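Keep in mind the model is a prediction, meaning the values are calculated, not measured. Protein chains get the first letters and strands the later ones, always in sequence-line order, with residue 1 at the start of each.
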Amino acid sequence: MTTVDIPAGWPATEEQARAVQDELRAKTVLDEPGPPPGTGRVTGVDVAYDDERDIVAAAAVVLDAATLEVVAEATAVGRVSFPYVPGLLAFREIPAVLAALDALPCPPGLVVCDGYGRAHPRRFGLASHLGVLTGLPTLGVAKNPFTFTYDDPEARRGAWTPLLAGPEEVGRALRTRAGVKPVFVSVGHRVSLDNACAHTLALTPAYRLPETTRRADALCRRALRAATTGPEVREAY
DNA sequence: GCGACAG
DNA sequence: ATCTTGTCGC
């Protein structure tokens, strides 16, 4: 496990953060199909918080895309870098996520984020941001529709409907388990929407959420618990 | 102006 | 995200 510092020049206000998004958005690559589903490696990233102690823990878990077996994993712990503000989630999660990715012993391949990419008020969500910063292909799978609208997809697994920002399709509501609430998929960087959905289905053989995010979620919670129970914290009592 | 709002 | 036990069901 590694420790993270808040990067120099990291936005301190919402206004600065929005300016960063507006500047980086132009670097998003949307015309690449991305790696074929079921091949190479797929990495899940997620973050857990202890706002009380101002601690954040991130995890990156690399899976073999064909077998979904864990190939490598890494965690990072640090200080919370930004408050939670809808639309600015990336500024809260990215420093720790970058550190976890850096700590991996192998290339991450495609990165699956817990949240949105293009489906974002300024079309630059967490997955887009992480993609532009790392150059890696990224996509976002969110559990909630945020401010967007959608029609309920058919009940069968694989069914989907457009996720809409007014008239604009910013992602898809994708059914990963028959009869269960869909997930909300959007493109991050260097991946097509069709491919993003195909990857999401390949990663959900048994549960609603991708194996990548399930693994990363479990790991970052463990890391947070360890950081909160570790020697340096116990001494404070 | 007020409320809603990924995690 | 996080606070949180038991409980219904495959």
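Taking the six-membered ring where the residue is Trp, A:Phe91 and A:His129 present perpendicular rings, their angle passing 60° and hence far from 30°.
Within a 6.0 Å radius of NZ in A:Lys27, other residues, nucleotides and ligands contribute 12 heavy atoms or fewer.
For the atom pair CG of A:Leu68 and CG of A:Leu63, the computed distance is 6.0 Å after rounding to the nearest 0.5 Å. Remark: A:Leu193 CG to A:Glu169 CD distance equals 5.5 Å, nearest 0.5 Å. The distance from atom CG of A:Leu139 to atom NE2 of A:His199, rounded to the nearest 0.5 Å, is 7.5 Å. Here OG1 of A:Thr200 is found 9.5 Å from CG of A:Asn195. Values are rounded to the nearest 0.5 Å. Remark: A:Arg208 CZ to A:Leu174 CG distance equals 11.0 Å, nearest 0.5 Å. Taken from OG1 in A:Thr13 to CZ in A:Phe82, the straight-line distance is 6.5 Å, to the nearest 0.5 Å.
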Output one line per pair: protein atom, nucleotide atom from nucleotides 4-7 of chain B, and distance, for all N/O pairs under 3.5 Å.
unit_1	atom_1	unit_2	atom_2	d
B:dA6	OP2	A:Tyr84	OH	3.1
B:dA6	N7	A:Gly87	N	3.2
B:dA6	N6	A:Gly87	O	3.1
B:dA6	N6	A:Leu88	N	3.4
B:dA6	N6	A:Leu89	N	3.2
B:dA6	N6	A:His120	NE2	3.4
B:dA6	N1	A:Leu126	N	3.2
B:dA6	N3	A:Tyr116	N	3.1
B:dG7	OP1	A:Lys143	N	2.8
B:dG7	OP2	A:Asn144	ND2	2.6
B:dG7	O3'	A:Asp114	OD2	3.4

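Remark: nothing in residues 185-209 of chain A comes within less than 4.0 Å of DNA chain B through any heavy atom.
In secondary-structure terms, DNA chain C builds no stem of at least 3 consecutive Watson-Crick or G-U pairs having both distances under 3.5 Å.
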Checklist entry - Dot-bracket for DNA chain B, 5' to 3', with Watson-Crick and G-U pairs under 3.5 Å, [ ] for crossing pairs and | for other-strand pairs: what is it? => result .......

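Looking at A:Arg123 and A:Glu168, a side-chain N of the basic residue comes within less than 4.0 Å of a carboxylate O on the acidic one, giving a salt bridge. Looking at A:Asp22 and A:Arg18, no side-chain N of the basic residue comes within less than 4.0 Å of a carboxylate O on the acidic one, giving no salt bridge. Between A:Asp114 and A:Lys143 there is a salt bridge, since at least one side-chain N of the basic residue sits less than 4.0 Å from a carboxylate O of the acidic one.
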Checklist outcome for this item: Readout for nucleotides 4-10 of chain C: B = base within 4.0 Å of protein heavy atom, S = sugar-phosphate only, - = neither; 5' to 3' it is -------

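Under a hydrophobic-cluster definition in which Ile, Leu, Val, Met, Phe, Trp and Tyr are linked whenever side-chain heavy atoms come within less than 4.5 Å, directly or via other members, A:Leu130 and A:Val20 are assigned to the same cluster.
Side-chain atoms of A:Val61 and A:Arg214, non-hydrogen and from C-beta on, never get closer than 4.5 Å to each other.
Through direct or indirect side-chain contacts shorter than 4.5 Å among Ile, Leu, Val, Met, Phe, Trp and Tyr, A:Tyr116 is connected to A:Phe146, A:Phe148, A:Tyr150, A:Leu163, A:Val170, A:Phe184.
C:dA1 atom P lies 6 Å from atom CG of A:Asp217, rounded to whole Å.
Counting only N and O atoms by type, the side chains of A:Arg157 and A:Thr204 include a donor and acceptor under 3.5 Å apart.
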